[in-house]
Each structure stands twice: as structure tokens, then as C-alpha cells.
Peer 1: 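Sending over a structure as C-alpha cells; questions will come in a sec.
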Amino acid sequence: MTTAETTSDSTPETPARDFIHQAVADDLASGRFQPPIVTRFPPEPNAYLHIGHAKAVGVSYRIAKEFGGRFHLRFDDTNPAKEEQEYIDAIKEDLAWLGIEWGEHEYYASDYFDQLYEWAVKLIEAGKAYVDDQTGDEIRTGRGTLTTPGTNSPFRDRPVEESLDLFNRMKAGEFPNGSRVLRAKIDMASPNISLRDPVMYRVLHEAHPRTGDAWCIYPLYDFAHGQSDSLENITHSLCSMEFESHRPLYEWFIKELGIFPSRQIEFARGNITYTFTSKRRMAELIEKGHVTGFDDPRMPTLRGLRRRGFLPGSLMRFWAEAGVAKRDNNIEFAKLESILRDDLNKIAPRRMAVLDPLKVVITNYPADQVEPMDGINNPEDPDAGTRPVPFSGELYIEREDFMEDAPKKFFRLAPGKEVRLRSAYWVKCEEVIKDDSGNITELRCTYDPETRGGSNPPDGRKVKGTLHWVSANHAVDAEVRLYEHLFTAEDPTTPPKGSEDWLDNLNPDSLKVITGAKLEPALADTEPGKPVQFERMGYYCKDLVDSTPDKLVFNRTITLKDTWAKVQKKGG
RNA sequence: AGGCCCGUAGUGUAAUGGUAACACCCUAGUUUUUGGUACUAGUAUUCAAGGUUCGAAUCCUUGCGGGCCUGCCA
């Protein structure tokens with residue numbers, strides 16, 4: 001290759017490059033940074049990760065991967081009043097589930113407390129920071145407002161030695177919480193409020209999950225984050241838009257300290273219809289008993305999604321396809337569903353399960369005969385093979401698959417109509433049995449022995465419907481939990497008209513528990529959490545928490561697309 | 001409002017001064033032993049007004065709309 005001039009766009013499908021990719025590429029091209037590109041995900045260990053975090057990790061992770069760089073996990077543990085070891089463990093677990101690999105690059109802002117303290121001293125000595133004795137209220141008042149400049153603290157110009165001494169004594173534990181802070185000396189009149197002498201350190205007599213009681217002063221985010229990035233040689237520190245106004249401060253500390261110039265780039269968080277990510281709201285749902293906990297399958301937490309049966313790869317793919325930009329967004333949940341179904345379709349083994357059983361007796365089937373039919377495990381994957389599914393003269397079919405007075409577009413079972421039982425035989429409904437109050441209790445059908453395996457009969461008859469079924473005597477009982485959106489509103493956090501409570505958006509049908517479901521026997525052996533498709537019904541998984549061999553519990557991850565439901569809806 | 005950021009089909013994201021595109025949603029059809037899957041086709045887009053330019057989604061101005069910032073949270 002001598003020239004690249006002739007490239008006729010030989011890579012037409014180069015993935016669309018978001019503005020972050022471009023910035024990184026530009027930085028490499030301009031020499032602003034040398035390889036390797038290093039990114040990080042910096043969670044505060046004060047909560048469980050949710051679906052929004054999956055976007056944040058994904059953005060940084062992909063940049064590192066695609067530029068052949070490095071990815072760090074760093075816990076932003078600068079506020080021991082809120083943070084706990086439990087969350088550190090949970091976050092690592094959830095990240096691993098997502099498929100994120102950080103190797104030995106696991107860091108903690110608290111690892112840098114000594115260095116941070118040293119740098120704070122350096123800034124005091126340089127006259128760039130001072131100890132402020134004002135109360136919290138005084139500081140707030142002095143900061144001014146959005147439209148009026150702040151005023152200098154009376155302690156702003158105190159001698160360097162005095163600040164040094166006070167800061168030292170803050171560290172030594174001589175002062176109570178809230179009595180003094182260390183502030184950067186920048187500009188109380190700046191239109192950017194985060195530059196109005198931001199607080200760097202506060203007194204906090206609180207044990208830290210990692211440093212114990214070694215410290216009673218802790219750095220604030222602004223004095224810890226950029227420096228931590230710098231210490232780890234993070235080239236691109238990617239964060240959400242609300243930190244944009246902090247960037248000048250991020251850069252100010254780096255410049256004053258003369259340390260590695262990490263670059264902060266902000267992007268918009270990802271919102272999704274019908275869901276939310278506020279920790280406060282999650283807690284409220286739990287407190288009020290609307291969900292069972294942070295791992296409730298309806299929760300937007302990664303643990304909830306996992307329990308529900310979502311694939312980690314689908315989550316990552318969803319965010320990758322959703323893209324990254326700076327504008328506010330509200331992605332349709334349907335986009336996620338589409339990706340989930342697509343992934344599930346390829347890997348989920350097919351099984352048959354009848355959720356609302358209606359008994360069917362095959363009157364011409366030899367009594368006591370049982371045949372193992374070959375059930376195709378996955379039509380998308382020939383290598384998945386088949387499994388034996390026991391067929392007998394007494395079956396269950398889905399109650400909604402029978403209609404006594406069926407409209408023309410109803411392809412399922414009706415009096416005198418014939419359908420295919422998947423992988424088994426064609427059956428024809430001959431008689432409808434009802435109880436005294438007119439409820440249908442049983443169907444009497446005949447089968448055609450020439451349709452074994454569900455194949456077309458020699459006479460060329462056609463049938464439009466194929467039904468799932470289970471053999472009554474071989475069926476395994478299970479509880480099935482049918483989940484829907486937790487909320488009926490696209491934006492659940494906005495109360496509905498005439499209400500002031502967002503909880504009025506709750507979907508009363510977000511969970512429907514079915515206790516008498518009949519499953520084909522193979523389902524008893526599926527691994528908890530692993531996806532299966534209940535044919536014609538949807539994707540399910542055995543519940544990771546509540547399912548036991550004695551009492552099977554399955555969660556519905558998501559339904560199949562249901563065009564029949566649409567037809568019905570249209571028909572009135 | 002003081003500052004900053006952002007406005008592209010219904011939704012999300014591309015187009016880097018040169019034919020506005022991709023995915024999802026929606027509609028119609030084909031195939032089908034899942035009313036699934038797959039496939040085909042279709043509907044629909046640059047916030048507005050000026051300006052610069054041979055040419056503007058892109059650059060400039062103004063307006064309109066949305067978001068963020070006044071923790072000793074992150």
C-alpha cells in the first residue's frame with residue numbers, strides 16, 4: 001500500500017462515531033495524549049447499580065476496548081457517611097455480570113487520601129487554599145446566587161501558616177464536624193458557582209469502610225475525582241452532563257498541582273420510558289411495599305433485571321445501539337425489548353408450559369399409551385437438538401386457545417375445528433364438556449395418527465393453528481410470575497393529571513401470580529436464571545431466589561411479540 | 001433570569017459545508033410445525049426567522065423551546 005487516496009470507502013459499515021470517539025481519536029492524532037487510552041468507571045459505593053449505570057460503564061468500557069486501551073474500576077469512596085462495603089461487593093458482582101473486566105485495575109479514591117492531603121497542603125502553601133471557619137450557613141450565604149456574585153470569606157486572606165496549622169489540626173481531630181473546611185481560593189464572583197471558592201475538605205468524624213478511623217477529614221468530590229483520574233493516568237474521564245460546570249474546577253486543580261492532565265468529557269445520561277433510576281424512588285417503592293426489594297424483578301436495578309431474566313449482553317448491546325450524545329433523551333423501552341427478544345430468540349431453549357390449563361381428552365388415543373415426541377430445542381439453532389416430550393391421551397392446552405364461538409380469524413381450537421399440537425399430532429375438537437354453571441371444564445378431541453410429529457397428513461388437509469400442550473399425567477406444577485411494566489406512564493416520575501403522587505402511575509397489574517401452571521417435565525431441571533422460551537408464550541427463567549425443587553417458580557422475562565393480540569384489539 | 005449545554009422522522013442515533021440515513025416503533029405483504037423468527041415493501045425528519053456561500057442539518061445573528069449549576073453529596 002502506497003497511498004490511501006484510492007480508498008473508495010471500502011468500509012461502508014464503519015460504525016457511526018459518536019462525539020466521544022471523535023474526541024479521543026482527535027486527541028491521539030493531535031498528540032494531546034499518547035496511547036494507551038485509559039478510561040474509568042467511578043461508582044460511589046452507596047447504592048446498587050441500575051440500568052443507567054450500564055450505559056455509563058459501557059461508554060467508558062467501549063472506548064477503552066476500541067482504542068486498545070485500559071479500563072479502571074474506581075470506587076469514589078470519599079464520603080464514609082453514606083458508603084458501605086456491601087455496596088462495593090454488590091457493584092463488583094453486578095459489573096462482572098455485565099461482562100465488564102477490569103483485571104487488577106481496581107482502585108479506590110480512599111487509596112489516595114495521603115496524596116490528596118499532601119496536595120491540599122501544597123495548595124495552602126501556594127496561597128491557593130485556606131481554612132474557613134464560617135458555618136455552613138455563612139458559606140452558603142457568602143456564595144451568592146445564580147444572579148449575584150458571592151462575597152469573600154473573612155478568613156480568605158488569613159496567613160498561610162494559620163491555615164496550615166488549622167488544616168493540620170482538622171486532620172488531628174481537634175475540631176467537630178462542620179466547624180471548619182478547607183476551601184480553594186479561586187473567584188467568589190465567578191459566574192460559574194463551582195468556582196466560588198469550592199470546599200475541598202470537610203471534618204467528618206466517621207469510620208470509613210476501608211480506611212477505618214484513620215481519617216476524620218475527607219476530601220470532597222471536586223478535590224478527589226480529577227486527582228484520582230490523574231494519578232491513574234486516565235486520559236478520558238467520561239461522565240454525565242451535570243458535571244459539565246465542574247470541568248473548569250477539575251482543570252483548575254490539575255493545573256495548579258501540575259499533574260497528569262486527564263480530560264473530562266460529558267455525555268447525557270440515558271433515560272428509558274416506563275422506568276426510572278432514582279435511588280430515592282427505589283427506596284420509596286420498597287418502603288411502601290410496592291416491590292419486594294432492590295432485586296425485585298420489576299426494579300431497574302441490575303440485580304432486578306438479572307432476576308427477571310434479562311441478558312447482560314442485551315443490556316450492553318442496547319446502550320451501544322442507543323448511542324451517546326449530549327442532548328436529553330428518552331429511549332423507548334420497546335428498543336430494549338427488541339434487542340432482548342433478538343438475543344433470547346437465538347439462545348433460549350424451547351419448552352412447553354400451559355399457564356391456564358384446559359383439559360383435553362383424546363378419545364381415540366390408546367388408553368395408557370405414552371409416546372415420547374421429539375421437541376425441537378431451538379429452531380434457530382439446529383445444534384441444539386431435540387428432547388423427548390411425553391404425549392398421552394390426557395393433555396392440557398391453554399384455555400385461551402379454545403373458543404366456543406370463534407371469529408373467522410381465530411386459528412386455534414373450536415368445536416369441529418382441527419389444529420396441530422406442536423411436535424405431536426393434529427387434533428379435532430368433537431365435544432365441549434361444561435359444569436353445572438356452564439364453565440368449560442374439558443374438551444373431547446380425536447387425533448389423526450397419520451400426523452405424528454405434527455406433520456401434514458397425506459390427504460393434503462391444512463390447518464392454521466399450532467398449539468402448545470403438556471401431558472396431564474407428566475406435567476410438573478409451578479408458580480409463574482407474570483411481570484409487566486411497573487408503571488403505566490412513559491415518564492413515571494411525573495404524577496398523572498390531577499395527582500401529586502408519582503406512585504399513582506403504578507401499574508396495578510405489574511405482577512400477576514399464577515399458581516396452577518402445568519409444565520413439561522424437562523422444565524423441572526432448568527438452571528435458575530437461565531432463559532427458556534415457553535413456546536408461544538414468552539421468555540422465562542426459573543427464579544434465582546424463590547424457586548426450589550419442591551416449589552418451582554418461574555419469572556416471565558418478556559412476552560413474545562403477539563400479533564394475534566393486536567388483531568383482537570383492533571377487532572374491538 | 002448570571003453562566004454553560006442542547007434542539008435532525010413517533011423514539012434514539014448518524015450525516016464532520018456537497019443526494020438527510022440507520023435502528024426501534026407503526027402499516028401492508030411473503031414464508032413458517034411458535035399468530036414467534038426470517039424476508040419484502042411502505043409511512044414519516046433538520047425548532048423558527050434572517051444572514052454567509054455556487055451549495056447549510058452543519059458556519060454566523062436573533063428568537064423560541066428544553067436541560068444543568070446556588071451540598072461541608074457524588
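Nothing here was measured: the structure is a model prediction, and the numbers come from that model. Chain letters run A, B, ... following the sequence lines, proteins first, then strands; residues in each count from 1.
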Peer 1: With a 4.0 Å cut-off on heavy atoms, is A:Ser338 in touch with a base, just the backbone sugar-phosphate, or nothing at all?
Peer 2: sugar-phosphate

Peer 1: Roughly how many Å is it from CG in A:Asn271 to C1' in B:U11, rounded to a whole number?
Peer 2: 13 Å

Peer 1: Looking only at the aromatic ring of each residue, does the gap between the centers of A:Phe554 and A:Tyr540 stay below 6.0 angstrom?
Peer 2: no

Peer 1: Starting from the 5' end of RNA chain B, give me the residue, A:Asp76 or A:Ala268, whose nearest nucleotide shows up first.
Peer 2: A:Ala268

Peer 1: Does a nitrogen or oxygen in the side chain of A:Arg327 sit under 4.0 Å from OP1 or OP2 of B:U13?
Peer 2: yes

Peer 1: Let me have a per-nucleotide readout for nucleotides 26-35 of chain B, 5' to 3', with B, S or -, counting only protein heavy atoms under 4.0 Å.
Peer 2: SSS----BBB

Peer 1: With A:Tyr221, which of A:Phe253, A:Phe243, A:Tyr250 fulfils ring-ring contact (aromatic ring centres under 6.0 Å, His included)?
Peer 2: A:Phe243

Peer 1: Let me know which of A:Thr273, A:Asn271, A:Ile272 forms a side-chain contact (heavy atoms from CB on, under 4.5 Å) with A:Thr275.
Peer 2: A:Ile272

Peer 1: Which residue lies toward the 5' end of RNA chain B, A:Leu336 or A:Tyr539, if each is placed at its nearest nucleotide?
Peer 2: A:Leu336

Peer 1: Rounded to whole Å, please give me the gap between CZ in A:Arg143 and C1' in B:G2.
Peer 2: 16 Å

Peer 1: Using the ring-ring contact (aromatic ring centres under 6.0 Å, His included) definition, which of the options A:Phe402, A:Tyr425, A:Tyr396, A:Phe391 pairs with A:Trp469?
Peer 2: A:Phe391

Peer 1: Name the nucleic acid region contacted by A:Val181, choosing base, sugar-phosphate or nothing; use a 4.0 angstrom heavy-atom cut-off, strictly under.
Peer 2: base

Peer 1: Do A:Arg412 and A:Glu398 touch side chain to side chain, with heavy atoms closer than 4.5 Å?
Peer 2: no

Peer 1: What nucleic acid atoms does A:Ile339 come within less than 4.0 Å of, heavy atoms only: base, sugar-phosphate, or nothing?
Peer 2: nothing

Peer 1: Between atom CZ in A:Arg317 and atom C1' in B:C24, what is the gap in whole Å?
Peer 2: 11 Å

Peer 1: Quick one: A:Asn46 CG to B:A74 C1', roughly how many Å, whole number?
Peer 2: 8 Å

Peer 1: Rounded to the nearest angstrom, tell me the gap between atom CD in A:Glu332 and atom P in B:C24.
Peer 2: 12 Å

Peer 1: Find every protein N or O atom lying less than 3.5 Å from an N or O atom of nucleotides 62-69 of chain B, and list the pairs.
Peer 2:
{"unit_1": "B:G67", "atom_1": "O4'", "unit_2": "A:Asp328", "atom_2": "OD2", "d": "3.1"}

Peer 1: If the glycosidic angle sits within 90 degrees of zero it is syn, else anti. Tell me which applies to B:G71.
Peer 2: syn

Peer 1: Categorize A:Gln134 for me: base, sugar-phosphate, or nothing, with a 4.0 angstrom heavy-atom threshold over every strand shown.
Peer 2: base

Peer 1: Find out whether A:Lys561 and A:Arg341 are in side-chain contact, i.e. whether some heavy atom of one side chain is under 4.5 Å from a heavy atom of the other.
Peer 2: yes

Peer 1: Using the side-chain heavy atoms of A:Asp342, tell me which of these nucleotides is nearest: B:C72, B:C73, B:A38.
Peer 2: B:A38

Peer 1: Taking only N and O in the side chain of A:Arg269, is any of them less than 4.0 Å away from OP1 or OP2 of B:C6?
Peer 2: no

Peer 1: Under 4.0 angstrom, heavy atoms only, what part of the nucleic acid is A:Val463 near: base, sugar-phosphate, or nothing?
Peer 2: nothing

Peer 1: When the ring planes of A:Phe333 and A:Phe310 are compared, do they come out parallel, tilted or perpendicular, using 30° and 60° as the limits?
Peer 2: perpendicular

Peer 1: Does A:Arg202 have a side-chain nitrogen or oxygen under 4.0 Å from the phosphate oxygens OP1 or OP2 of B:G71?
Peer 2: no

Peer 1: Whole angstrom is fine here: how far is it from OH in A:Tyr201 over to C1' in B:G71?
Peer 2: 18 Å

